[in-house]
Amino acid sequence: MNLIIELEASENMDSLRISEIFHEMAVFSELLEESPFKSRAYEKAARIIENLGDEILEIAQRGELTKVDGIGEKIASKIKEIIETGELESRNKMLLSIPDGVLEMLKIPSLGPKRVRGLWKDYGISSVASLKLVCDRHGLAKIPGYGAKMERNILAGIAMLRKNAGKWLLSEAWEFASDIAKSIGSWDEVESVKVAGSLRRRKELVKDVDLVVATQNPKAVMKKFVSLPFVERVIQHGDTKSEVILDSGIQCDLRAVSPSEYPFALHHFTGSKEHNLKMRSIAKDSGMKLNEYGIFKGSSKKALPCKDEAEIFKTLSLDYIPPELREDMGEIEAASHGALPKLIEEDDLKGVLHVHSNYSDGVNSISELKYESERLGYEYLLICDHSKSLAIANGMDEKDVVRQHQEIDRLNMGKGGCRVLKGIEADILGDGSVDFDGDMLSAFDIVIASVHSKFKMDKTEMTDRIIRAIENHDVDIIGHPSGRLLLSREPYQIDTRKIIDAASANGKAIEINSHPQRLDLDWRWIMYARKKKVKLAIGVDAHDTFGLSLAKYGIWIARKGWLEKDDVINSMAIKDFLKRYSIK
DNA sequence: GCCGTTTTCGGCCCGACTGTTTTCAGTCG
């Protein structure tokens with residue numbers, strides 16, 4: 001009981017912060033030279049908490065933390081301490097004994113905890129700036145274990161560190177990866193090439209691009225790879241593995257394997273690490289060994305043949321697990337008893353939702369948007385301009401709405417083609433009421449309600465505000481529920497679980513905003529929404545005709561959240577969609 | 001730190017590459 005009260009007291013504590021604290025503990029513990037396994041245990045706990053999301057708070061409430069595999073007595077009590085006080089005494093203590101600069105040094109590639117510790121404790125180098133000074137004077141090369149090359153690498157690493165923080169949007173990374181994979185795929189030596197890693201798993205942010213190629217001549221492939229015109233710097237150049245920085249600044253790693261090893265390498269380098277660990281342990285349980293080169297029975301050195309990833313899963317009596325699901329979040333268990341979802345596909349989308357026209361802050365006219373939607377094969381297009389309160393985006397007033405609806409009626413006169421629907425992205429005002437009164441709102445076919453103001457409200461207020469909008473009977477969809485802008489703006493404080501529960505109770509849909517900077521609702525919560533039978537709406541939030549093609553990213557995230565076609569309202573054919581929303 | 005059908009001690013995924021060595025430690029994924 002106590003805990004529940006305490007939880008409210010520190011309501012801004014979320015699972016992400018808890019997981020962050022354990023990441024820190026892992027690093028601190030290595031720097032302070034505790035047992036490396038202790039550090040590994042912290043690291044593991046951090047990943048478990050990250051994957052559990054806010055569920056960890058409920059598990060803590062039920063007092064069942066130690067039932068989670070990887071969390072024992074000590075970590076459980078630390079989690080409780082963080083939830084109750086918002087702090088972790090032992091972490092703060094450790095932090096006090098490590099200079100800030102030492103932590104910053106860890107971000108330099110090729111410097112890990114051991115080297116950083118040595119530089120700090122044995123040579124008194126405790127900041128990136130002082131390390132740079134030492135390198136500039138060629139002092140580092142005189143330290144045992146270092147040489148001229150390390151010195152140059154570290155200087156290059158410091159320069160890169162200053163240039164960018166090292167994370168990329170899924171969409172950006174995908175563009176770079178597609179270009180480079182296309183080049184590599186055209187070489188005679190290459191039989192297959194595929195993007196692997198977190199990019200293939202469609203994480204919303206990625207650190208680098210991982211590629212795997214099948215070839216009989218890895219050496220030649222590596223040589224060509226490091227000499228590609230858009231390679232700016234070579235970090236590693238080996239016979240089967242190389243790492244480079246592309247001119248865009250993103251790191252790109254390439255692995256070359258033989259065609260028979262290719263499915264195993266692809267699986268291995270797609271990850272996630274947690275998924276791989278579990279796959280290995282399943283193999284072990286059945287008397288087999290799985291690694292990036294093959295699957296081996298007993299102590300045999302000869303791999304069992306698998307022509308693709310599906311056969312690897314089959315060998316372990318599992319259904320094929322699509323890459324998006326490989327996060328060790330129940331996919332392996334589901335695959336073992338035929339319970340994986342049949343994921344939604346890009347082609348399943350029949351309507352394009354959440355499109356801004358030149359009636360508010362969009363660039364194109366409704367007729368241009370209609371034409372492009374037709375070209376992309378959509379059956380319907382939901383125009384959603386901003387409402388009057390959002391003056392900064394030229395929100396529509398009542399007169400504009402009348403004019404717009406007349407234009408839409410005219411555009412729909414012709415037979416066939418893409419049907420234009422009358423939508424609005426109405427502002428959720430500070431008190432939770434929705435811009436425009438009921439009469440005006442009911443003139444729209446579909447109402448998306450979104451927050452665009454007063455982002456700094458506290459969690460309870462913001463949650464209540466959005467729930468009030470959900471309970472408004474004119475509202476159909478909640479737009480970009482967290483308001484986050486990846487890499488540039490934090491989400492506003494909301495109790496996402498309560499919001500999903502409210503949507504479930506009121507039969508309202510929640511948007512998966514496909515804009516690459518949003519990808520909001522977060523995929524971790526999509527899984528929960530699906531459990532609560534909440535329908536999702538894949539919106540493009542387009543402000544021009546190009547934006548109509550962004551639905552792809554929304555689909556990727558929907559898949560990552562285990563969604564099937566029927567979970568997504570705009571996978572309905574026009575006839576069903578009109579019927580569902582009583583549109584004439 | 002965690003964990004246990006090798007269970008309360010003694011393991012803990014593992015392989016490629018680099019830069020430094022002269023057989024290996026550290027980093028990375």
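So you know, we letter chains A, B, ... as the sequences are listed, proteins then strands, and number each from 1. What you see is a predicted model, and the numbers here were worked out from it, not measured in a lab.
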Looking at residues at least two apart in the chain, or sitting in another chain, which of them share a side chain to side chain donor-acceptor pair (under 3.5 Å) with A:Glu55?
none

All N/O pairs under 3.5 Å across the protein-nucleotides 12-15 of chain B interface:
from   : atom 1 : to       : atom 2 : distance (Å)
B:dC13 : OP1    : A:Arg40  : NH1    : 2.6
B:dC13 : O2     : A:Arg280 : NH1    : 2.6
B:dG15 : O3'    : A:Tyr293 : OH     : 3.4

Counting only side-chain heavy atoms from C-beta out, which of B:dG29, B:dG19, B:dC2 sits nearest to A:Ala41?
B:dC2

What distance, rounded to whole Å, do you find between the two P atoms, one in B:dC3 and one in B:dT8?
16 Å

Quick one: which residue pairs count as a ring-ring contact (aromatic ring centres under 6.0 Å, His included) with a foot in residues 107-155 of chain A, not counting sequence neighbours?
none

Between atom NE2 in A:His23 and atom C1' in B:dG1, what is the gap in whole Å?
16 Å

Can you tell me the Watson-Crick or wobble partner of B:dC3, both distances under 3.5 angstrom?
B:dG10

Just to be sure I understand the rule, does A:Val257 reach a base, reach only the sugar-phosphate, or reach nothing, if contact means heavy atoms closer than 4.0 Å?
nothing

Expressed in whole Å, how much space separates the C1' atoms belonging to B:dG11 and B:dA16?
25 Å

Between B:dC13 and B:dC2, how far is it from one P atom to the other, in whole Å?
15 Å

Please classify the nucleic acid contact of A:Lys78 as base, sugar-phosphate, or nothing, using heavy-atom distances under 4.0 Å.
sugar-phosphate

Nucleic acid contacts of residues 128-141 of chain A, taken as heavy-atom distances under 4.0 Å to DNA chain B
none

Regarding A:Glu274 and A:Arg280, does a basic nitrogen lie under 4.0 Å from an acidic carboxylate oxygen?
no

What's A:Ala148 touching, base or sugar-phosphate or nothing? Going by heavy atoms closer than 4.0 Å.
sugar-phosphate

Gap between atoms NZ and P, on A:Lys107 and B:dT27 respectively (whole Å):
17 Å

Atom-pair distance (NZ on A:Lys38; C1' on B:dG10), nearest Å
17 Å

Inspect the contact between A:Lys278 and A:Asp328 and indicate whether a charged nitrogen and a carboxylate oxygen are less than 4.0 angstrom apart.
yes

Would you mind telling me which of B:dG29, B:dG19, B:dC28 lies closest to the side-chain atoms of A:Lys149?
B:dG19

Salt-bridge criterion met for A:Glu81 and A:Lys78 (N-O under 4.0 Å):
no

Compare the minimum distances between each of B:dT18, B:dC3, B:dG26 and the side chain of A:Lys114, then state the nucleotide with the smallest one.
B:dG26

So A:Asn276, base contact, sugar-phosphate only, or nothing? Heavy-atom distance under 4.0 Å.
nothing

Taking atom C1' in both B:dC12 and B:dT18, compute the distance separating them and give it to the nearest angstrom.
26 Å

Given the C1' atoms of B:dC28 and B:dT22, what is the spacing between them in whole Å?
24 Å

First encountered from the 5' end of DNA chain B, between A:Lys74 and A:Pro113
A:Lys74

Between A:Arg17 and A:Glu20, does any side-chain N to carboxylate O distance fall below 4.0 Å?
yes

Just compare B:dC3, B:dT18, B:dG1 and give me whichever is closest to any side-chain atom of A:Tyr42.
B:dG1

Considering every strand and a 4.0 Å limit on heavy-atom distances, what is the contact class for A:Pro109: base, sugar-phosphate, or nothing?
sugar-phosphate

When rounded to the nearest Å, what value does the distance between P atoms of B:dG15 and B:dT20 take?
26 Å

Whether A:Glu33 and A:Lys121 form a salt bridge (side-chain N of Lys/Arg under 4.0 Å from carboxylate O of Asp/Glu) is what I want to check.
no

Matching residue for A:Glu204 among A:Arg518, A:Arg524, A:Lys560 - test: salt bridge (charged side-chain N to carboxylate O under 4.0 Å, His left out):
A:Arg524

Any salt bridge (charged side-chain N to carboxylate O under 4.0 Å, His left out) pairs touching residues 126-148 of chain A, not counting sequence neighbours?
A:Lys132-A:Asp136

Among B:dG26, B:dG1, B:dG19, which nucleotide sits nearest the side chain of A:Met150?
B:dG19

Could you pick out which residue, A:Phe269 or A:Asp239, lies toward the 5' side of DNA chain B when each is mapped onto its nearest nucleotide?
A:Asp239

Determine the contact category for A:Pro144: base if any of its heavy atoms lies under 4.0 Å from a base atom, sugar-phosphate if only primed atoms, P, OP1 or OP2 are that close, otherwise nothing.
nothing

If the cut-off is 4.0 Å, is A:Thr240 near the phosphate of B:dC17, judged by side-chain N/O to OP1 or OP2?
yes

Side-chain N,O (A:Lys44) to OP1/OP2 (B:dC3) below 4.0 Å:
no

Expressed in whole Å, how much space separates the C1' atoms belonging to B:dG26 and B:dT21?
13 Å

Can a salt bridge be assigned to the pair A:Glu151 and A:Lys149 using a cut-off of 4.0 Å between side-chain N and carboxylate O?
no

Does any pair with a residue in residues 173-197 of chain A pass ring-ring contact (aromatic ring centres under 6.0 Å, His included), and if so which ones, sequence neighbours excluded?
A:Trp168-A:Phe176, A:Trp174-A:Trp556

